[in-house]
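Take a look at the structure set out below.
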Amino acid sequence: GENVEQHPSTLSVQEGDSAVIKCTYSDSASNYFPWYKQELGKGPQLIIDIRSNVGEKKDQRIAVTLNKTAKHFSLHITETQPEDSAVYFCASPNGGYALNFGKGTSLLVTP
Amino acid sequence: EAGVVQSPRYKIIEKKQPVAFWCNPISGHNTLYWYRQNLGQGPELLIRYENEEAVDDSQLPKDRFSAERLKGVDSTLKIQPAELGDSAVYLCASSPRLGAEQFFGPGTRLTVL
């Protein structure tokens with residue numbers, strides 16, 4: 001099945017700085033790459049996703065880039081704010097359409 | 001529009017007891033997933049439904065776990081008997097169709113003592 005590796009496991013940035021989280025996947029047939037944000041005590045919330053027919057997608061301060069050749073994709077958060085502090089998960093579908101998740105990145109944005 | 005609803009939010013039981021979790025997906029979503037999330041890990045699939053049919057249950061420990069989705073809407077996940085290692089957050093997600101975005105509920109945090 002699909003194997004998704006995510007780095008770093010923890011990330012601390014100053015408010016206003018950028019944060020980058022990277023994931024690699026193993027199945028070259030994967031074509032959908034979502035990112036989820038999970039706050040304490042809540043379920044994962046989809047924040048952005050990208051399909052394999054594009055290389056980059058932006059939504060305000062959040063962007064995702066995809067490199068199909070290298071089989072990796074990244075989440076970029078610019079102008080970070082304290083409310084961006086959470087655990088972020090990348091994911092990629094296995095052959096059965098369920099998602100295989102990375103182990104998560106705990107992001108802390110300090111004022 | 002209401003999101004995915006799960007209940008209960010928290011459950012504490014002793015080992016060997018049964019427990020059940022309930023999920024109501026977003027209206028009109030045909031695909032329903034149950035995931036288990038261990039502490040410090042990402043969610044892992046237990047079972048996927050397409051309408052009322054379980055189409056991917058290869059990761060469900062069938063000796064003690066069971067699930068149903070009668071009428072293709074609400075779903076129930078049951079554990080009997082529970083073991084200490086079952087302590088986790090059980091997440092339900094739904095999707096309008098196969099391969100589309102998945103939306104998660106708040107989860108049920110199970111503690112087995």
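Below, chains carry the letters A, B, ... as their sequence lines are ordered, and counting in each starts from 1.
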Rounded at 0.5 Å granularity, tell me how far CD in B/Gln41 sits from CZ in A/Phe101.
13.0 Å

Could you identify which residues cluster with B/Phe65, counting Ile, Leu, Val, Met, Phe, Trp and Tyr as linked when any side-chain heavy atoms lie under 4.5 Å apart, either directly or through a chain of such contacts?
B/Ile13, B/Val19, B/Phe21, B/Leu32, B/Trp34, B/Leu46, B/Ile47, B/Tyr49, B/Leu60, B/Leu77, B/Ile79, B/Leu84, B/Tyr90, B/Leu110, B/Val112

How about [atom1] on [X], more than 12 heavy atoms from neighbouring residues, nucleotides or ligands closer than 6.0 Å, or not?
{"X": "B/Leu39", "atom1": "CG", "answer": "no"}
{"X": "B/Lys62", "atom1": "NZ", "answer": "yes"}
{"X": "B/Glu50", "atom1": "CD", "answer": "yes"}

Mind checking whether A/Val109 and A/Leu11 sit in one hydrophobic cluster, side chains of I, L, V, M, F, W, Y counted as touching below 4.5 Å?
yes

If hydrophobic clusters are built from ILVMFWY residues whose side chains come within less than 4.5 Å, do A/Trp35 and A/Val13 share one?
yes

Heavy-atom proximity to chain A below 4.5 Å, by part of B/Gln37
side chain

For residues 50-89 of chain A against chain B, heavy atoms under 4.5 Å, the residues are A/Arg51, A/Phe89

Proximity of residues 36-48 of chain A to chain B, residues having a non-hydrogen atom under 4.5 angstrom:
A/Tyr36, A/Gln38, A/Gly41, A/Lys42, A/Gly43, A/Pro44, A/Leu46

Give every residue pair that meets the side-chain hydrogen bond (donor to acceptor under 3.5 Å, both in side chains) criterion with at least one member in residues 102-113 of chain B, sequence neighbours excluded.
B/Tyr33-B/Gln102, B/Tyr35-B/Gln102

